[in-house]
Amino acid sequence: MKTRYGIALDIGTSGIRAQALDIENGKVISTAITLRHPLPGANVVDHLHFAIKVGRDTAHNILIDSVNKVIKSLNIDLKNVERVAVCGNPIQLSLFHNIEIRDLAYWGPHALERLHVTPPSRNAIIVNAREIWLKINQEAEIYIPPAIKHEIGADALAMLFKSEVLEKKGIYLVSDFGTNAEIALVIDGEVYSCSAAAGPAVEGQMIEKGRLASPGTICDLEIGDYGWKTRILDEDLIAQEGDTVDPSGGKIISSAESSVNPIGITGTGVIAAYSLGLDTGIISLPKIKSPDNKINLHKEIYLTEKDIENIGKALGAFRAAHLTLAEESGVFLDEIDATYMAGASGFYVDPHKSLNVGQIPPSSREIYQMGNTSLSMAKDIILDPGLLEKLQEIADGMRSKHITLATSPTFEKIYSLELAMCEQGMPFWMYNDWLTKYGFQKIPPKVSNPVIHKIFERDIPELGEYGLKITKIGSVLEAEFEGCTNCMTCALNCPENALTIENGLATVRTDRCSGMGCLRCELGCPQKAFKYEKLLTLKEKYETSKKLKYAI
Amino acid sequence: MSYNEELEPKIDQDFVAVRYNVELEGPAITPENDPDVQAILPKDEPYRSIARAVLRGDTEESTIKVKEGLNSGIPPMDIINNGLMKGMDAVNELYTKGFYFLPDLMLSGDSMMEGLKESEEALGHKSETKGTVVSFVAEGDPHDIGKNLVVMFLRANGYNAIDLGRDVPNEDVVNAVREYKPLFMTGTALMTTTMTAFPKVVEELEKNGLEVPAIGCGGGAVRKDFIESFPMSVYGVKAYHTPKLADSILKDKKTWKEIRKKYSKIVGEFVPEYD
């Protein structure tokens, strides 16, 4: 008898993850991921912006093209795929489903009225492979889980569902850490949620030497005998011991056995450096106290004072968000019974450092590192499609209040304290004094021995017999520019090495390109010949991919 | 050991020791004992009490003192110029020196504004200011912390800041320029989807034959090269630079082109973005 397959999919801002499952016995067969998102941009707003500019259909096609590549590298007979379940934030799921996205791109009534946008339903839905153009058995059912509310997506539902805090008595803090962090404070089943635009800094972006998690990046640091011991991701994205470095001067104190030169620092590494920097005093906000005003982590890898400011602002958004949620719901942060961290960076980060720098409250006594809950919920749906309806019921019945931090006066007051700390060097005790002055609770004391529950070795617990495959995205945009003198300024300006240009013909790798938030290619062109818009006009491949039916 | 005690050693003590409200050794130094503040604070009552209330960010006290002054027949303009503004000058002094922080400034700004409201009510009209500045957050963008800081810094420095709020349609911005003929304008955005409003605002202004000496644009996602890709605009790096940019237009008749060239000089500090 042939094997019946299911595919669980997680579409995240920093990449696509997929797993093939045997429907009969629930066994994981294989896993494939991409290290970037196929659409240009460093965050989900950039993805949105790109999608609006290029047109929703084309953005959808680029995304699906990548999903198809990932699925193909799962190494299963795609004719026998019967179920696909997908999870992600509302923007990614809307791009996947190819429904309205503009309601997620603008806040407030004005832009949406002007554009005549009606927000679509984002309830649970089953479509078939043909509608999405997935290159699998065309009759396969595709399960798309519901958003809880306009602002809270299926990714937040996944972290709440998998942490099982909705049915429990007690106070729980659940966060999914990504470029955008979904944070929920759950009090006896009642959910207070917010979304913190912590920014790409905590994913290693917007940091001069920062990188998304990939082989060769520094992912953690420990204080060693005479310096900081680096930990570096290997080809399988497992942390390996690296050299020990003097952060002040950058000298390598001792080399690791299999010494490699790191290519950058990833989000968890950034948090580690910030935590160690504060502990050792090399960071004295807003300054770095070293001869070159940098924290040196290897020969060419360092953090600047500007980086430190960006990290401070990003982590400050977490701390201010926790306080805002606690104040709005009327609990104290040290009353929280357990803290749940979802997402890859929430899994790989050292929780001691997280609570040292404010990524989670310093009073977190019980910490659960859950891994990728979106993928995990998608797997649950594959094995029990009836769950989809149950998730809709949970979403409908959820007693929840969403707090938009951007418009919360409480958040504004607290975030200004964060700005005073990381931009002006206001001491921390003053921060607490100000909280008292405002009538808010203080930041609770730090627990010394938090209990950390980390059940798996990886954020995706089981990779399957075929292991992990990293899929190359490889989609490109092309355009020819009149008046180009081949001066190469655009290619040299490109911070992501996404662009090549030859005789006026520019080729841009969509997965690397930072997109609408960057545009350094266009803005730096001395001839004013480079027009990013032109890259968007047409890429035959994506326009026609709808017509190129995948016949099995 | 508490969290505070743990963090204390991480703070640069040399720096902290000279700060105010710090009881390290001996009695704490109060803000009004600073010699520069002493020089700014008025000697006569009720101005001194009003200025001190503003300096402390004590809104209740500043309102009471302003009301008392007005009731005793002191002209509202004198209350504003000799009391409230002097208090704000002292706040600015401490902020520039690094002894006061953002929250101090916000609190003092509030007490100044409350006193100003009382005085203007007695006056029967808006008081005279250095000039009018219009501030807005781009359409579709809710993030207004940056704009609120800009407005606060402008008011603290004697400007009439018209706050158009968040999610402001381009035509409302154009109408505000027509109505107020501002000396300077500021636009902020945190999202890349919304910062595209800035060149459109400039285009609309040009179409309507309107001109502002300069439009300072800034915010999370906004970069200098983007802002300089269209006319009339200046990339603003820090919120506290805003009054200095306005001063340069008011006093030295600087245009947006000149501000782009002399930014560091105008704000009086080295600004890496303009290096």
Side-chain angles (χ1 to χ4, degrees), chain A residues 41 43 45-46 48-49 52 105-112 114 197 199 278-281 283-285 287 289 306 362-363 404 406-407 411-413 415-417 419-421 423-430 432-434 437-438 442-446 448 515-520 522-524, chain B residues 1-13 15-16 19 21-22 57 95 98 100-107 137-145 148-149 165-172 190-197 220-221 223-229 238-240 272-273:
Chain A
N43 58 61
V45 177
D46 287 347
L48 256 182
H49 197 177
I52 289 169
Y106 308 102
W107 179 91
H110 293 124
L112 299 184
R114 181 167 52 77
L278 288 175
D279 278 347
T280 57
I283 297 176
S284 176
L285 293 171
K287 301 275 172 215
K289 295 195 144 186
K306 181 86 200 152
S363 52
T404 305
T407 60
F411 182 79
E412 176 166 358
K413 282 199 185 100
Y415 195 64
S416 73
L417 303 180
L419 290 178
M421 278 210 303
E423 289 188 333
Q424 291 179 276
M426 184 178 83
F428 193 80
W429 59 265
M430 272 193 188
N432 264 335
D433 279 1
W434 274 105
K437 213 181 264 191
Y438 283 136
K442 285 187 186 184
I443 293 280
K446 192 168 86 177
S448 44
M516 312 307 293
C518 176
L519 296 185
R520 284 181 170 86
E522 174 175 325
L523 295 169
Chain B
M1 199 155 89
S2 81
Y3 192 34
N4 293 357
E5 282 162 330
E6 265 180 65
L7 259 150
E8 214 80 332
K10 292 169 205 162
I11 299 160
D12 182 355
Q13 289 298 345
F15 192 36
V16 173
R19 281 165 195 271
N21 303 323
V22 186
Y95 186 80
Y100 258 21
F101 298 103
L102 200 52
D104 298 284
L105 203 62
M106 288 164 69
L107 212 56
V137 177
E139 183 184 89
D141 205 318
H143 303 91
D144 66 350
I145 294 182
N148 294 347
L149 294 179
R166 50 169 82 104
D167 181 26
V168 183
N170 296 349
E171 59 176 271
D172 291 6
L190 193 80
M191 296 145 78
T192 53
T193 43
T194 57
M195 70 178 187
T196 49
R223 269 198 346 259
K224 180 170 171 274
D225 49 2
F226 170 69
I227 295 304
E228 295 193 346
S229 67
K238 296 280 177 195
Y240 70 84
E273 284 85 346

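Quick note on labels: first sequence line is chain A, next is B, and so on, each numbered from 1. What's counted below: heavy atoms across the whole structure, side chains too, no hydrogens, waters or symmetry copies. Keep in mind it's a predicted model, so treat the numbers as computed, not measured.
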Comparing B/V168, B/N170, B/T192 against chain A, the one with the most heavy-atom pairs below 4.5 Å turns out to be B/T192

What part of A/K437 is in contact with chain B, defined as an atom under 4.5 angstrom from a non-hydrogen atom: side chain, backbone, both or neither?
-> side chain

Max heavy-atom pair count under 4.5 Å with chain A, selected residue of B/G220, B/S229, B/P169, B/A197 = B/P169

Any donor-acceptor pair under 3.5 Å linking the side chain of A/H110 with the backbone of B/E139?
-> no

Non-hydrogen atoms of chain A under 4.5 Å away: do they reach the side chain of B/L107, the backbone, both or neither?
-> side chain

Can you measure from CG (B/L190) to CE (B/M195) and round to the nearest 0.5 angstrom?
-> 11.0 Å

What pair of heavy atoms forms the shortest contact from A/G425 to B/F101, and how long is it?
-> C-CE2, 4.2 Å

Only counting residues at least two apart or in another chain, list the ones meeting ring pair (Phe, Tyr, Trp, His ring centres under 6.0 Å) with B/Y95.
-> B/F153

Salt bridge (charged side-chain N to carboxylate O under 4.0 Å, His left out) with B/E171: which residues, sequence neighbours excluded?
-> none

A/E522 versus chain B, the contacting section by heavy-atom distance below 4.5 Å = neither

Under 4.5 Å heavy-atom distance to chain A, tell me which part of B/L149 shows up: side chain, backbone, both or neither.
-> side chain

With a 4.5 Å limit on heavy-atom distance, are the side chains of B/T194 and B/H143 in contact?
-> no

Do you know which of A/G517, A/A420, A/A406 has the most heavy-atom pairs with chain B at a distance under 4.5 angstrom?
-> A/A406

Whatever's closer than 4.5 Å to a heavy atom in chain A on B/D225 counts as both

With the side chain counted from C-beta on, respond yes when A/S416 and B/I145 share a heavy-atom pair under 4.5 Å apart, and no when they do not.
-> no

Chain B interface, residue from A/E423, A/M421, A/M516, A/E412 that has the most non-hydrogen pairs under 4.5 Å | A/E412

Can you say whether A/R114 sits under 4.5 Å from chain B via the side chain, the backbone, both, or neither, judging by heavy atoms?
-> side chain

